[in-house]
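By convention in this document, chain letters (A, B, ...) are assigned in the order of the sequence lines, proteins followed by strands, and residues within each chain are numbered from 1.
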2 protein chains.
Amino acid sequence: MKKPDNEPKPDNQTEKCLRELRSRIISGQWPGATKLREVPLATDLDVSRTPLRAALLKLEQEGLLERSGAGYTVRAFSFKDALVAIELRGMIEGMAVRLAAERLNIGDHLTAIKATVAALDTVVQQEHTDGYGDLNKLFHDQLTALAGNDLIRDEVQRASRLPFAAPSAFSSSKDDYERFKESLVVGQQHHHALLQAIERGEGARAEALAREHAHLAKINIEVAFKVRAEKLHHMPQLALITD
Amino acid sequence: MKKPDNEPKPDNQTEKCLRELRSRIISGQWPGATKLREVPLATDLDVSRTPLRAALLKLEQEGLLERSGAGYTVRAFSFKDALVAIELRGMIEGMAVRLAAERLNIGDHLTAIKATVAALDTVVQQEHTDGYGDLNKLFHDQLTALAGNDLIRDEVQRASRLPFAAPSAFSSSKDDYERFKESLVVGQQHHHALLQAIERGEGARAEALAREHAHLAKINIEVAFKVRAEKLHHMPQLALITD
DNA sequence: TTGTGAAATAATGTATACATGAAAAAGCCT
DNA sequence: AGGCTTTTTCATGTATACATTATTTCACAA
């Protein structure tokens with residue numbers, strides 16, 4: 001089996017392009033359907049066209065860009081797309097945790113993730129939410145690894161690639177703090193229940209929990225979308241969504 | 001919404017590399033973990049390194065290759081991987097048909113796919129199975145388009161990318177013809193039921209049918225795998241699977 | 001005025017030379 | 001002899017010039 005991605009990630013020009021392009025796309029500085037021209041972009045990013053093209057190709061596979069004849073355009077997402085993406089992630093994550101629950105001796109592999117959940121417990125009890133996003137991401141990464149299958153792990157990772165579909169996409173909220181804090185408490189209860197279900201070999205329950213957990217993200221994005229105008233600067237992910 | 005991919009696909013060097021490399025990988029002529037070197041490959045394929053690298057990058061995203069330090073290696077799949085991939089496709093396809101069933105006035109969009117099912121009816125009644133694979137692929141393509149959402153359509157397409165996960169992966173069988181013919185009959189019944197469920201707005205039923213339909217593919221691959229040695233030359237997809 | 005066509009323009013596609021880094025080989029020391 | 005360091009070699013990463021193809025623009029005719 002493939003190792004859990006401990007690659008140090010080479011810091012080459014292609015990575016630089018990827019980081020910068022992702023950031024620009026997500027920030028919404030390119031309105032949907034903007035055509036990206038290679039030469040000006042390369043000049044702007046201070047790299048040659050070769051690594052830039054490699055980055056563009058990757059972003060196309062990620063679904064953030066799409067070809068339009070010759071060249072790429074920024075992909076525009078609808079609100080419905082965001083809901084579909086989140087539900088999709090929930091489904092695939094659900095399959096992953098079901099497989100984990102069906103594994104023999106899964107208990108032996110739960111040490112690390114239990115520590116993460118414990119750390120999340122303390123964060124949720126805090127008065128602020130600092131560090132929640134990172135820990136939550138770690139939890140979900142560890143969760144998908146529990147299935148013990150590279151294919152399903154990769155697919156969950158992929159389903160989380162869109163900025164609004166990731167588990168920690170809306171894990172901070174300046175406004176409406178109380179409501180958000182409650183959703184964190186519920187989410188954390190899901191985390192505990194998820195682990196318990198996996199440990200007990202309750203595959204169907206684990207799968208249902210993963211889906212419900214994703215549903216929580218759906219609710220969060222729906223709330224966020226309603227007050228979109230005011231929140232745009234807090235949640236750049238929303239800039240990608242056009243209707 | 002994006003158009004249903006009527007792009008004529010430019011016939012450039014990158015496409016040539018993709019075709020050739022896919023064919024070589026699937027045929028199993030490179031044992032798992034074979035390192036691919038760019039320069040010899042480029043010479044062999046009679047292209048420069050630039051389009052070759054583009055093709056390699058795409059195949060990495062497809063999951064047929066993986067990076068190993070510097071350079072690519074052919075990804076090896078286990079039997080479990082194949083089962084997971086098929087079930088995954090069934091799940092995602094299931095979500096797609098559920099969305100289709102939940103659409104208003106979906107009946108207006110069923111003309112083309114009904115024609116495909118009718119064509120499949122005649123093929124299934126034949127004494128041979130010529131043309132089944134192509135028609136079946138067409139049916140599934142049209143099916144995923146019914147959801148009316150580019151994101152879910154793209155994801156179903158992606159879930160079908162692995163040679164053993166595609167809907168028509170094992171749609172021919174020289175040996176054990178009778179058993180295989182029966183599975184075709186059952187599969188075709190699924191097709192009819194799927195359309196009926198979508199037309200009537202029975203989302204849950206449509207989803208369940210899509211999953212069961214994928215399960216049929218699982219059974220087929222299990223049977224095929226048991227007699228793998230004799231069938232390798234008929235089913236090159238199996239060469240990818242190592243244990 | 002609008003449609004069609006061809007020519008001009010500008011973009012992406014490709015090849016190749018060079019830079020950089022990693023892996024392999026050789027030599028040295030212990 | 002074995003293991004470590006150094007050097008060499010070779011593969012990938014990058015830049016850029018050139019080829020090809022797509023797009024735009026302008027002219028001309030219906």
Open item on the list: Nearest whole Å is fine: how far is C:dT14 P from A:Leu57 CG?
Closed with: 12 Å
Task: Exercise: do B:Glu93 and B:Thr144 side chains pair donor with acceptor under 3.5 Å - done: no
TODO: From the options D:dT16, D:dT12, C:dA15, select the nucleotide whose nearest atom is closest to the side chain of B:Pro51.
DONE: C:dA15
Open item on the list: What verdict does the salt bridge (Lys or Arg N to Asp or Glu O under 4.0 Å) test give for A:Arg75 and B:Asp154, after you've listed the backbone C-alpha separation in whole Å, the side-chain angles of each residue and the deciding distance to 0.1 Å?
Closed with: CA-CA 13 Å; A:Arg75 183 161 181 179; B:Asp154 289 354; 3.2 Å; yes
TODO: Could you check how far CD of B:Glu15 sits from C1' of C:dT12, rounded to whole Å?
DONE: 14 Å
Task: Most 5' of B:Asp46 and A:Arg37 on DNA chain C, judged by nearest nucleotide - done: A:Arg37
Open item on the list: So, OP1 or OP2 of D:dT14: does either fall under 4.0 Å of a side-chain N or O from A:Thr14?
Closed with: yes
Open item on the list: Can you measure A:Lys35 atom NZ to C:dA10 atom C1' for me and round it to whole angstrom units?
Closed with: 11 Å
TODO: Without swapping roles, check the side chain of A:Arg161 against the backbone of A:Arg158 for a donor-acceptor pair under 3.5 Å.
DONE: yes
Open item on the list: In whole Å, I'd like the distance from the CD atom of B:Glu38 to the P atom of C:dA17.
Closed with: 16 Å
Task: Whole-Å gap separating P (C:dT14) and CZ (A:Arg49) - done: 11 Å
Open item on the list: Measuring from the side chain of A:Val39 (C-beta onward, heavy atoms only), which nucleotide among C:dT12, C:dG13, D:dT12 has the closest atom?
Closed with: C:dT12
Open item on the list: Between B:Arg53 and D:dG13, is there a contact of a side-chain N or O with OP1 or OP2 at under 4.0 Å?
Closed with: yes
Task: Polar pair under 3.5 Å, donor/acceptor by atom type, side chain A:Thr50, base D:dT16 - done: yes
Open item on the list: Please determine whether a side-chain nitrogen or oxygen atom of A:Arg67 lies at a distance below 4.0 Å from atom OP1 or OP2 of C:dG13.
Closed with: yes
Task: Pair B:Arg24 + B:Glu20, salt bridge at N-O below 4.0 Å - done: yes
Open item on the list: Please classify the nucleic acid contact of A:Leu52 as base, sugar-phosphate, or nothing, using heavy-atom distances under 4.0 Å.
Closed with: nothing
Task: Any donor-acceptor N/O pair, A:Arg103 side chain to A:Leu146 backbone, under 3.5 Å - done: yes
TODO: Look at the side-chain N and O atoms of B:Ser48 and state whether any lies under 4.0 Å from the OP1 or OP2 oxygen of C:dT14.
DONE: no
TODO: Using only side-chain N and O atoms of A:Gln13, determine if any of them is under 4.0 Å from OP1 or OP2 of D:dA15.
DONE: yes
TODO: Figure out the CG/P separation between A:Asn12 and C:dT20, and round it to whole Å.
DONE: 14 Å
